[in-house]
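Note sheet for the following structure.
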Amino acid sequence: MKKELPKVYEPKIYEDQIYDKWDKSGVFQPDNISDENEKYLNIIPPPNANGELHIGHASGYVVMDLLGRYNRMLGKKVLLLPGKDHAGIQTQVVYEKKIKEERDLTKYDLGREKFYKEVYDFCIDRSQYMRNQEKKLGLGADWSREKFTLDPKVISTAIETFIQMYNEIDDDGNRMVYRGERIINWCPRCESALSDFEVEHKKENGKLYWIKYGPFVLATTRPETKLGDTAVAVHPDDERYKDMVGKNYTIKGVLGNFEIKVVADKEVDMEFGSGAIKVTPAHSFVDNEIATRHNLPSKKIIDESGRMMKNCGKYAGMTTAKAREAIVVDMEKMGLLDHIDDDYDHSIAVCERCGYTIEPIPSEQWFVNVDHKNFSLKKEARKVVESEKIKIYPARFKKVMLQWIDNVHDWCISRQIWWGPRIPAWYKDGLTKVQIDSPGDSWKQDEDTFDTWFSSGQWAYTTLDYPDGKDFKDFFPSDNMIMGRDILPLWSFRMIILSLYRTRSIPFKNLYFTGLVRDEHGKKMSKSKGNGIEPLEMIEKYGTDAVRMSLLVGSSPGNDMNLGEAKIEGYRNFVNKLWNISKFVVTNTKQDNLVEIKRKDCTLADLWILQKTKELIDETTKNINGYRFSQAGESLRSFMWEDFADWYVEVSKFEDNKEIKNTILTMVMKDLLRLWHPFIPFVTEAIWKNFDDSLLASSSWPKSERYMKIVGGDRETNKLDFETIKSIIIAIRNARAEYRVAPGKKIDATIYGSKNSDTITSQANIIKNLRTGIEKLDVQEKGQKITKAIYLSVDGVDVYIPLEGIVDFEKEKKRLQKELEKSESFAKTIATKLQNEKFTSSAPKEIVDKEKEKAKQQEEKIEKIQKFIKSLG
RNA sequence: GGGUUCGUAGCUCAGGUGGUUAGAGCGCUACGUUGACAUCGUAGAGGUCAGAGGUUCAAGUCCUCUCGAACCCACCA
């Protein structure tokens, strides 16, 4: 029965329907595979459940899905575990903005409980939307196991870790998590503490104020912090201030006089300003360190809303920015201002989530000691990374990871936001208890919630029902963890330390980083610039497979990728090409008449394509195992388009061994579909249906042994003979084009094939039919000189095309002369190499032999061309 | 100040452990509606692999330096 396929592949018709089939078949659920099979786990980084997927998410997903499908085809029990992240601060910011815009409300209008519930519902709604996006991308995840960071079991496991750490006490009585007052990054807009990782530094052009400060003149960008000064610091080697160190001075200020001490500290840069700096211990990290070293008092003047506190007199209640203006005006009046530099570049810290300027303030927070005596998180993490118990791809990120590990400070894990799990600490009459449930009446729970990374950092095992769940026992640790390189410090590092502590095991064996996706000119994609590529929009326009290819091919691991719509369009064409190749195969083969293929029944082209397929399978397997997806895709593409479509399919139209052709076309096509499937699952599945009733997604990875058995071991012969025929055909086409032989015009040709003449004779039909336009082909071993013709020397074979009347032999002479020169110069470089004794003695024999072979070929070619030129007169 | 990446054809990029005359896609030129495909086919032009040294029989690939671009961390008082 002949099947009909439309000539253009329309993804929209097939994709949803195919995904549905996969989903219903249970192919993504590991429970359908026997426990005896090797396990494979990839936990999918949970996207923040407050928006939608962008192209960056997609670039990670396609890698995870590729590896998942590949391992599934290898017969493994594969689990791709999906989930969503509640994303503490970010979601709270998003939702606050939303209620402000839509209802003109603040979170206080709703109250903590109602706010929490609304955000929860919002996240559940977004999760549903995002899950559909994930399916659109073809992600073969087990949705029955999907997790949310706020699922009760996930939370309780994460909280238990906190309690365990609290109870981890060393000999000196230090706990692994502790509460203490420290100067921390404070976002006045979010009204919460932030970790170092949640702070970004932004360049700003501002003013540098030079103020008169008792006996000093010193430069500052923040004159308002003068109200909290307790010292002036200078460098110990600074001759200018040597005599003043250790002394106290009374300084005139806008709120009256105050006392400061002069201290010497090597942190001070003598080159900056006047070499003397004012020290505000409560509102600067560096000043705080100086204060600690010199035992200086600290005076807090800025509160949690970013305003000046009551102790700031008439400035109380002003924001820091307002206070700065006011103080500068007053200082000017009082003659305390020396001068102002108007054009001063410096950088300011801003909240990563809302962009508001960070105020460093002292605050009571919960911290994780990352270098605890009982179990040093950083040292243990270093060990597993250093020893490559966790392998990192690409390798250079190992160094980056080690740097992060070495520089990490105690981790502030409490946040003063509402959205997230509460910290399980209870207070009463100055007592503290850390436990899940309330210790009893009148105990008050800590108002703070956990840093979102404290829960997502435990994702590697909380998702598997640690510690008793079957999934944990079966699958943990993950085989692959794949994420964008931008969240290395935020997430991968946290997962490593928390997993090491809680499970005493690495969370994953391989850690693979993708680069960031930029626009086609390397600019960061952003909504405001309008240069973003929306995955759904592209899928709608070009199909999922095209989007997947554009993310997988033409980029390298860990490096950023530039992506424009044109690239996606190109892969749309590519997908269509595959469709049409299969259309040819489907309509020209019979699935019910497959025969056993024996070497003796095969033509040159048959052996050639079988050999090539064998190599393709080996190469693709090797490349995927080495995470070289771009290379795998590239070799698949060139096989499919060039070897299979341009040559083998064309040849198959003109060779008579129909049963063999029928079988080889089917066999190679099916294996090609299998090899392609992890890259472009939809179109391959759609085509597969025409060959097989089962699902391609549940079929197996091709084996090259099958091809080895047919073609035998002599790979070079299998390929070379047909390659020679190819070269002859290309040379003839080339000559036709060069001499503008009209497309329809038939020509004759004579070939002197020497030792290849039998082979060429057997392929005469192919040479004639593959767009060479040859009418009469005369093949001989050798013969008398032919002069009035175009002469082509191909792989030691002489091809003559008599074109008297069409060809200008003066021009032909010039063409050959040029070719001769090329050959001669090439021959010369080889000769120099071979004359070099060091080369012949040091290089491997096969390399030298290859060079010798090349030299021989060139010499022959040169001789033949010379002779022919001579014959032209 | 510490670190990373990149610089290969007009554009966007590939080129594991050094080894054919350096590749692809798009674009370009000239032909072409051949019975899977014009989302196509045939042929072609286009590169001193940023520059300079070095290691080696052999360097786009390894080392050093220079120039240019991007990014991360720290500092920015």
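Bear in mind that the values here come from a model prediction, so they are computed numbers and not experimental data. Every chain is numbered from 1, with letters handed out A, B, ... down the list of sequences.
Distances shown here put every side-chain N or O of A:Asn580 at or beyond 4.0 Å from the OP1 or OP2 atom of B:rU39. OP1 or OP2 of B:rA77 lies within a sub-4.0 Å distance of a side-chain N or O belonging to A:Thr221. Put simply, A:Arg628 has no side-chain N or O that comes within less than 4.0 Å of OP1 or OP2 on B:rG16. Between A:Trp641 and the phosphate of B:rG41, there is a side-chain N or O to OP1/OP2 separation shorter than 4.0 Å. Contact check, A:Lys833 against B:rU20: no side-chain N or O comes under 4.0 Å of OP1 or OP2. OP1 and OP2 of B:rG16 both lie 4.0 Å or more from every side-chain N or O belonging to A:Asn623.
Among the nucleotides B:rC76, B:rC37, B:rG3, the one closest to any side-chain atom of A:Lys399 is B:rG3. For A:Ala645, the side-chain atoms get nearest to B:rA36 when compared with the rest of B:rG44, B:rC76, B:rA36. The A:Ser630 side chain lies nearest to B:rA14 when the options are B:rA14, B:rA77, B:rG32. With B:rC31, B:rU39, B:rA36 as the choices, the nucleotide that has an atom nearest any side-chain atom of A:Pro743 turns out to be B:rC31. Proximity note for A:Arg485 (side chain, C-beta onward) versus B:rC40, B:rC71, B:rU4: the nearest is B:rC71. Taking every side-chain heavy atom of A:Asn573 into account, B:rC40 is the closest of B:rG15, B:rC71, B:rC40. Comparing B:rA36, B:rA77, B:rC75 against the side chain of A:Val268 picks out B:rA77 as the nearest. With B:rU21, B:rA24, B:rU39 as the candidates, the nucleotide lying closest to the side chain of A:Arg637 is B:rA24. Nearest nucleotide to the side chain of A:Gln631, out of B:rG16, B:rU20, B:rG44: B:rG16.
The residue A:Asp287 sits apart from the nucleic acid: no heavy atom pair falls under 4.0 Å.
Side-chain to base pairing of A:Arg733 with B:rU42: no donor and acceptor N or O lie closer than 3.5 Å to each other. The base of B:rA36 sits within donor-acceptor range of the side chain of A:Glu650, with an N or O pair under 3.5 Å. In the interface, the side chain of A:Lys653 is paired with the base of B:rA36 through a donor and an acceptor atom under 3.5 Å apart. With hydrogens and angles ignored, a donor-acceptor pair under 3.5 angstrom links the side chain of A:His201 to the base of B:rC76. On a pure distance criterion of 3.5 Å, a polar donor-acceptor pair joins the side chain of A:Lys577 and the base of B:rC37.
Scanning residues 836-851 of chain A for heavy-atom distances under 4.0 Å to RNA chain B yields A:Asn836, A:Lys838, A:Phe839, A:Ser842, A:Ala843, A:Pro844, A:Ile847.
The interatomic distance linking A:Trp404 (CH2) with B:rG3 (P) rounds to 16 Å, in whole Å. One can place NZ of A:Lys746 at 10 Å from C1' of B:rU34, the figure rounded to the nearest angstrom. In this structure, A:Met270 atom CE and B:rG1 atom P are separated by 17 Å, rounded to whole Å. The distance between atom CG of A:Asp341 and atom P of B:rC76, rounded to the nearest whole Å, is 18 Å. When the P atom of B:rA36 is taken as reference, atom CG of A:Asn576 falls 15 Å away, rounded to whole Å. To the nearest angstrom, C1' of B:rU20 lies 4 Å from NZ of A:Lys854.
Each side chain to side chain donor-acceptor pair (under 3.5 Å) pair with one or both residues in residues 543-559 of chain A, not counting sequence neighbours, appears once here: A:Glu15-A:Thr544, A:Asp65-A:Arg548, A:Arg396-A:Asn559, A:Ser556-A:Asn559.
Rounded to whole Å, the separation between the C1' atoms of B:rU8 and B:rC49 comes to 4 Å. A distance of about 24 Å separates the C1' atoms of B:rA50 and B:rG27, rounded to the whole Å. With both ends at atom C1', the span from B:rG46 to B:rA38 equals 25 Å, rounded to whole Å. A gap of 26 Å separates the C1' atoms of B:rA77 and B:rC71, to the nearest Å. Separation of the C1' atoms belonging to B:rG19 and B:rG41 is 36 Å when rounded to the nearest angstrom. Rounded to whole Å, the P atom of B:rU66 lies 13 Å from the corresponding atom of B:rG3. Across the C1' atoms, B:rU20 and B:rC28 are found 29 Å apart, a figure rounded to whole Å. Comparing the P positions of B:rC26 and B:rA43 gives a spacing of 15 Å, expressed to the nearest Å.
Checked by atom type and distance alone, the side chain of A:Arg736 never pairs as donor or acceptor with a backbone atom of A:Arg771 at under 3.5 Å. A donor-acceptor pair under 3.5 Å links the side-chain atoms of A:Ser274 to the main chain of A:Val217, judged by distance alone. Judged by distance alone, with hydrogens and angles left aside, the side-chain atoms of A:Asp341 form no donor-acceptor pair with the main-chain N or O of A:Lys207 at under 3.5 Å.
A salt bridge does not link A:Lys278 with A:Asp287: none of the charged nitrogens is closer than 4.0 Å to a carboxylate oxygen. A salt bridge is defined here as a Lys NZ or Arg NE, NH1 or NH2 lying under 4.0 Å from an Asp or Glu carboxylate O, and A:Glu819 with A:Arg815 meets this definition. A:Glu821 has no carboxylate O lying under 4.0 Å from a charged side-chain N of A:Lys818, or vice versa, which leaves the two without a salt bridge. A salt bridge does not link A:Lys622 to A:Asp618: none of the charged side-chain nitrogens sits closer than 4.0 Å to a carboxylate oxygen. A:Glu569 and A:Arg572 are joined by a salt bridge, as a carboxylate oxygen and a charged side-chain nitrogen come within less than 4.0 angstrom of each other.
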Test salt bridge (Lys or Arg N to Asp or Glu O under 4.0 Å) applied to A:Glu10 and A:Lys12, step by step: CA-CA 6 Å; A:Glu10 284 184 64; A:Lys12 266 190 268 184; over 6 Å; no

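The number of heavy atoms from other shown groups lying within 6.0 Å of NZ (A:Lys653) is above 12.
Taking the ring centroids of A:Phe691 and A:Trp688, they lie at or beyond the 6.0 Å cut-off. The aromatic ring centres of A:Trp404 and A:Phe197 sit less than 6.0 Å apart.
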Pairing string, 5' to 3', for RNA chain B - Watson-Crick or wobble contacts under 3.5 Å, brackets [ ] where pairs cross, | to another strand: (((((((..((((.....[...)))).(((((.......))))).....(((((..]....))))))))))))....

